[in-house]
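Encoded as structure tokens, the structure appears first; notes follow it.
Every value quoted in this text rests on a predicted model; they were computed, and no experiment measured them. Just follow the structure's listing: the first ligand is 1, and inside any ligand the first atom is 1.
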Amino acid sequence: MDNNYDLILVGSSFASSFFLLEYLRRFGPDRRVLVLEWGRRRSHQENIESRRHSDFDFEDIAHNPHPTKQWVSNIVFGGNSNCWWACTPRMLPSDFELNSKYGVGVDWPIGYDDLEPFYAKAEQIMSVSGPDDGSPFPRSTPYPQPPHRFSEPDRVLKQANPDTFFVMPTARARVATKNRPACCATSTCHLCPIDAKFTVQNELAWLYEDPRVELRLNAKVTHLELAAGVAKGVHYEKDGRTHRVAGDLIGLCANALMNPSILLRSGVSHPWVGGGLSEQVSNSAKIYLDNLDAFQGSTSLTGHGYMLYDGMHRRERAACLIEFSNKPVLRPEFGRWRQILPVKLIYEDLPKLEHKIDIDSGDGKPRTIFGRHSDYTQRAIDENRQLLARAVSALPVESIEYEGQVSRTEAHILGTARMGTDPSTSVVDPGLTMHSHRNVLVLGGSAFPTCAPANPTLTICALSLRAASML
Ligand SMILES: Cc1cc2nc3c(=O)[nH]c(=O)nc-3n(C[C@H](O)[C@H](O)[C@H](O)COP(=O)(O)OP(=O)(O)OC[C@H]3O[C@@H](n4cnc5c(N)ncnc54)[C@H](O)[C@@H]3O)c2cc1C
Ligand code: SF4
């Protein structure tokens, strides 16, 4: 036994840092917290120079036998906060009650109102910029930062669709914060050259300097030691040796690929541990415009279209969120270079139990088992080829060119330890504590019972803040 801690967290990205922030705020100076992080700390400059965010490729950490589908996970201090694009919509109230409202999927065991104060807090921590003239979801507070500037096509769409078209909320700074300059619309946000988007490194690294917190880097957690409904210890590898530490409370924050793999290696057997692997599906299109220039916005993605998102169509086909891009693409026609508008249509999918993470019996790495997105999603993709034209009919559209294939990944791994009130069909309770082991929390996107079109990270952060507030 190396030592005994009040709290052990596995991972150092969004799920972990937002939980830690609230935990340190609530509890006194004598608490001892250990954070075990597999990766090392890479500076922003090192990431820019090497054009990488991690020392590991995906194949080093997991197996993905699918011929076309990809998943993204980076092992590094701060996790995917280093490379995310920083789009921060909330989920809609109806996303939490998909089954009651539309008879598909399942309801979440919590509602929008349960999460609203934590959404507001997470937006404050990230200094999110968002619309000041309405919002697709109810809000108790204004956005902390003013909205980004629309492009001209966005402006036309907002005028025609005041209730379903909005400035995209984002943690790409509209105005400088203490630690970040204002975003200048370079549109390479996975490697933001000026460090303008929120990352754990630029805004929350101070958490890991708190005297109550010990950060152990290059420490790969392999499994938990479980007995009689509690976790007794955490086993990890560091410097070629295996170690064991004990903690009163353990938070797995290693993402929806790694959380279930740690649980499976610990001997937890439940169909939904690993089951329900899912993420959104997207396809892209280019809208050719007649005599209207695009790309005047102040960040990489500026408009959010909710015209195809919510409504009774969700009984039959998936919701779709439309992202309007300000990332410059040239139209290959002399004098009309900017008369083009790239959009991405992001669809919800219905998680299936048979899409899952299991463990390779040879090397112990997680392995993804995935077939194809649901018919529910495919119906929306097919139908929206017509409906997109109607949704953007306020624009002078010449033609719309769709990409043939859906994208290989949305880089949002979800499901795999879903939350619910029934221990036979869910892994964690609404406070993200395991039903079976009451001192283990499983935080992050693994808890999502469904996958709404909204990018998930703001919800992940709000859930972590809420879980820590419930201790
Ligand atoms: C290119 C890209 C763009 C994205 N853009 C957006 C966006 O615009 N909006 C949005 O909402 N989401 C976006 N995402 C998704 C977003 O990054 C994830 O939702 C988010 O990072 C999940 O946070 P997390 O803390 O749960 O996990 P992660 O960020 O994946 O972090 C997991 C942490 O655990 C550590 N770890 C893993 N295994 C172990 C182990 N065995 N032992 C110890 N430590 C371990 C990792 O090193 C890492 O620090 C994007 C993702 C990518 C890749
Ligand atoms: S648009 Fe440019 S400045 Fe803004 S966050 Fe993206 S890369 Fe950084």
Residues in salt bridge (charged side-chain N to carboxylate O under 4.0 Å, His left out) contact with Arg180, at least two apart in sequence or another chain =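 Here the qualifying residues are Glu203.
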
Results of salt bridge (charged side-chain N to carboxylate O under 4.0 Å, His left out) for Glu225 - residues two or more places apart only =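 With sequence neighbours excluded, Glu225 shows a salt bridge (charged side-chain N to carboxylate O under 4.0 Å, His left out) to Arg244, given in chain and number order.
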
Tell me the protein heavy atom at minimum distance from [atom], and give that distance in Å.
atom	value
atom 38 (N) of ligand 1	Met258 CG, 3.4 Å
atom 30 (O) of ligand 1	Asn255 ND2, 2.9 Å
atom 33 (C) of ligand 1	Cys253 O, 3.7 Å
atom 42 (N) of ligand 1	Val221 N, 2.9 Å
atom 1 (C) of ligand 1	Cys83 O, 3.4 Å
atom 49 (O) of ligand 1	Glu37 OE1, 2.6 Å
atom 17 (O) of ligand 1	Asn80 CB, 3.1 Å
atom 19 (O) of ligand 1	Thr457 OG1, 2.9 Å

Any N/O pair [X]/ligand 1 closer than 3.5 Å:
X	answer
Ser16	no
Trp38	yes
Phe14	yes
Ser73	no
His190	no
Trp84	no
Glu410	no
Gly39	no

Name the orientation class of the two ring planes belonging to Tyr306 and Tyr309 (parallel below 30°, tilted from 30 to 60°, perpendicular beyond 60°).
->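 Taking Tyr309 first and then Tyr306, their aromatic rings lie parallel (interplane angle under 30°).
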
Should you measure from each heavy atom of [X], which atoms of ligand 1 turn up under 4.0 Å away?
X	answer
Gly79	29 (O), 31 (O), 48 (C), 49 (O)
Ser12	49 (O)
Ile460	19 (O), 22 (C)
Trp85	3 (C), 4 (C), 5 (N), 6 (C), 7 (C), 8 (O)
Ile75	37 (C), 38 (N), 47 (O)
Leu36	43 (C), 44 (N)

Just list the side-chain donor-acceptor pairs under 3.5 Å for residues 142-151, sequence neighbours left out, or say none.
| from | atom 1 | to | atom 2 | distance (Å) |
| --- | --- | --- | --- | --- |
| Tyr143 | OH | Arg139 | NH1 | 3.1 |
| Gln145 | OE1 | Arg174 | N | 2.7 |
| Gln145 | OE1 | Val175 | N | 2.9 |
| Gln145 | NE2 | Val175 | O | 2.9 |
| His148 | ND1 | Ser298 | O | 3.4 |
| His148 | ND1 | Ser298 | OG | 2.7 |
| His148 | NE2 | Arg172 | O | 2.8 |
| Arg149 | NE | Gln296 | O | 3.0 |
| Arg149 | NH2 | Gln296 | O | 3.2 |
| Ser151 | OG | Asp154 | N | 3.4 |
| Ser151 | OG | Asp154 | OD2 | 3.0 |

Counting heavy atoms only, name the option from Ala219, Ala86, Ala15, Pro456 that's nearest to atom 24 (P) of ligand 1.
->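 Ranked by closest heavy atom to atom 24 (P) of ligand 1, first place is Ala15.
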
Per atom 7 (C) of ligand 1, closest listed option by heavy atom (Gly444, Cys87, Ala254) |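 Residue with the shortest heavy-atom distance to the ligand atom: Cys87.
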
Under 2.8 Å from atom 4 (Fe) of ligand 2, which protein N/O/S atoms are there?
->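 Metal shell, protein only: Cys183 SG.
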
Does the distance from a Lys or Arg side-chain N to an Asp or Glu carboxylate O, for [X] and [Y], drop under 4.0 Å?
X	Y	result
Arg40	Glu46	yes
Lys121	Glu123	no
Asp6	Arg32	no
Lys286	Glu403	no
Lys365	Asp60	no

Side chains of Tyr208 and Val35: closer than 4.5 Å at any heavy-atom pair?
->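 Result yes, sub-4.5 Å side-chain heavy-atom pair found.
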
4.0 Å heavy-atom contact, Pro181 with ligand 2 |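 The answer is no: ligand 2 sits nowhere under 4.0 Å from a heavy atom of Pro181.
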
From Phe324 atom CZ to Phe165 atom CZ, the distance as rounded to the nearest 0.5 Å |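 Separation between the atoms: 5.0 Å.
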
Decide ring-ring contact (aromatic ring centres under 6.0 Å, His included) for Tyr119 and Phe137; before the verdict, give the C-alpha distance in whole Å, the side-chain angles of both, and the deciding distance to 0.1 Å.
-> CA-CA 11 Å; Tyr119 270 139; Phe137 21 75; 7.4 Å; no

